[in-house]
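Worksheet for the structure shown next.
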Amino acid sequence: MVKLTKRIGGLVLRLAAFAAALAALIVMVTSRERASFFAISLEAKYTDMAAFKYFVIANAVVSVYSFLVLFLPKESLLWKFVVVLDLVMTMLLTSSLSAALAVAQVGKKGNANAGWLPICGQVPKFCDQITGALIAGFVALVLYVFLLLYSLHYVLDPFLLQKS
Amino acid sequence: MAVSKILLAATSGKSCKILLGLRVLAFLATLSAAIVMGLNKETKTFVVGNVGNAPIKATFTAKFQHTPAFVFFVVANAMVSFHNLLMIALQIFGGKSELTGFRLLSVAILDMLNVTLISAAANAAAFISEVGKNGNKHARWDKICDRFATYCDHGAGALIAAFAGVILMLIISAVSISRLVQPNKCSFPTAASPSVVP
């Protein structure tokens, strides 16, 4: 009974992490705004910044991985491999979120010393969608940290609760 | 006395030797990244205009504090190098509580957290440096590396050291997790306990 609730808890966590990563991916990909001032018309897309492209790729990899692990049977020996892969996916998530946050912060506040003006004043809807995608990415990261601790507990049994 | 203790801690058991060596390397890599980026500063005088025949000069400084991503980079690298120092000291001097589940588990979890911290810091600084090096046409952000070449070079060196630290921390974390599965004693055997086979 305890094992069943543990397993269901893990599945629910992974499903939630998959949903969050997928949401971050979709919100960032569909963020696009066209602004025109004077005679110039510029379009802000997520592909303008390398950090946003990396964010999309990283979340795509994490969503595909989570989806595949959802279907792994519990007797499989691959679970030990899943622990290491969970660590790698968490690293991927934090690095992509951190890079996207760093660039978005420059976009919102600018960098007076480098002469970089903020762009959020001209494309506010784009900025809002990027913010939403980053929040979803952060939720996916927190869920993945919990998943990492869960996999460690479920697979490696660190407190040596089961007599082998 | 301390030197013999260090030697015995390093030589008992193969994975212990590897782990200690990796931790020393990671400590040095992240410490050098923090120091190089922390001392990164360049002052340059430019001619910004002409009043009649006399040129007007203005002095500009490029410091790491101007960019929040670099501040996070310095702080995170300092934290990870302190963690590695703590773990080295624990492995050499903390022999008694070596094989308890609490200690092994806390070392593994701390290593995992520090892996995510260092990878986040290194990547944030890397992407900001990419914008500084190549500029961004769409957002109309000019590149700064053509004017502050030394600043960019030092930043690049710190980034390389930090990425070496990322790879080393990932390997260290994997080794710590594997020690959860097969615990083996790493410290100098005391007189009270029988000596263990490494």
Side-chain angles (χ1 to χ4, degrees), chain A residues 40 42-55 58 80 83-84 86-107 109-120 122-123 141 144-145 148-149 151-153 155-161, chain B residues 60-63 65-70 72-73 76 101-102 104-106 108-109 111-113 115-132 134-145 147-148 163 166-167 169-170 173-174 176-183:
Chain A
I40 317 167
L42 56 91
E43 184 172 20
K45 304 192 285 288
Y46 81 94
T47 46
D48 291 345
M49 316 275 182
F52 294 160
K53 283 193 278 195
Y54 177 49
F55 182 79
K80 296 214 185 335
V83 174
V84 176
D86 267 350
L87 180 64
V88 171
M89 293 302 153
T90 310
M91 261 183 67
L92 206 60
L93 273 178
T94 70
S95 63
S96 66
L97 180 69
S98 179
L101 259 174
V103 170
Q105 199 260 354
V106 178
K109 298 264 170 67
N111 192 326
N113 296 292
W116 293 342
L117 299 171
I119 63 167
C120 272
Q122 285 132 16
V123 281
L141 171 67
Y144 246 92
V145 170
L148 191 57
L149 295 174
S151 320
L152 209 60
H153 193 77
V155 174
L156 294 180
D157 201 16
F159 291 119
L160 297 167
L161 291 172
Chain B
F60 294 107
T61 317
K63 290 193 262 204
Q65 294 104 318
H66 291 330
T67 317
F70 289 160
F72 174 45
F73 180 84
F102 172 72
L104 282 174
L105 187 63
S106 61
I109 289 183
D111 275 339
M112 286 193 283
L113 291 178
V115 158
T116 55
L117 185 64
I118 187 82
S119 83
N123 273 281
F127 276 95
I128 288 286
S129 318
E130 194 265 339
V131 177
N134 297 329
N136 194 317
K137 292 192 318 293
H138 305 273
R140 293 183 180 41
W141 292 338
D142 294 327
K143 59 172 109 161
I144 64 166
C145 273
R147 286 176 280 162
F148 291 98
F163 274 107
V166 168
I167 296 177
M169 282 303 297
L170 187 57
S173 183
S176 300
I177 292 179
S178 77
R179 287 191 75 208
L180 273 179
V181 177
Q182 287 170 333

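In what follows, every chain begins at residue 1, and chains take the letters A, B, ... in the order their sequences are listed.
- For the side chain to side chain contact (heavy atoms under 4.5 Å, CB included) with B/Phe127, the lone residue among A/Phe55, A/Phe52, A/Tyr54 that qualifies is A/Tyr54.
- The heavy-atom pair separating A/Leu152 from B/Met112 by the smallest distance is CD2-CE, 3.5 Å.
- Taking all atoms of both residues into account, the shortest heavy-atom contact from B/Ser173 to A/Leu87 is OG-CD2, 3.4 Å.
- Minimum interatomic distance between A/Ser98 and B/Ala120 (heavy atoms only, all atoms of both residues): OG-O, 2.9 Å.
- A donor and an acceptor atom, one from each side chain of A/Thr94 and B/Ser119, are located under 3.5 Å apart.
- Using a 4.5 Å cut-off between heavy atoms, A/Leu117 contacts chain B through its backbone alone, with no side-chain atom that close.
- Using a 4.5 Å cut-off between heavy atoms, A/Asp48 contacts chain B through both its backbone and its side chain.
- Heavy-atom minimum distance, B/Asp142 versus A/Trp116: O-NE1, 2.8 Å.
- Looking at B/Phe148, neither its backbone nor its side chain comes within 4.5 Å of chain A, counting heavy atoms on both sides.
- Of the two parts of A/Leu148, only the side chain, counted from C-beta on, holds a non-hydrogen atom closer than 4.5 Å to a non-hydrogen atom of chain B.
- Heavy-atom contacts from other residues, nucleotides or ligands closer than 6.0 Å to NZ of A/Lys45 number more than 12.
- Put simply, of B/Thr61, B/Ile128, B/Ile109, the one with the most heavy-atom pairs under 4.5 Å next to chain A is B/Ile128.
- For the residue pair B/Asn123 and A/Ser95, the shortest heavy atom distance occurs at ND2-CB, 3.0 Å.
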*Take A/Val84 and B/Ile177, measure what side-chain contact (heavy atoms from CB on, under 4.5 Å) needs, and give me the verdict at the end.*
CA-CA 9 Å; A/Val84 176; B/Ile177 292 179; 5.7 Å; no

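- Interface remark: B/Ile144 contributes side-chain atoms only to the contact with chain A (heavy atom separation under 4.5 Å).
- Of the two parts of A/Val106, the backbone and the side chain both hold a non-hydrogen atom closer than 4.5 Å to a non-hydrogen atom of chain B.
- Atom CD1 of A/Ile119 sits about 5.5 Å away from atom CH2 of B/Trp141, to the nearest 0.5 Å.
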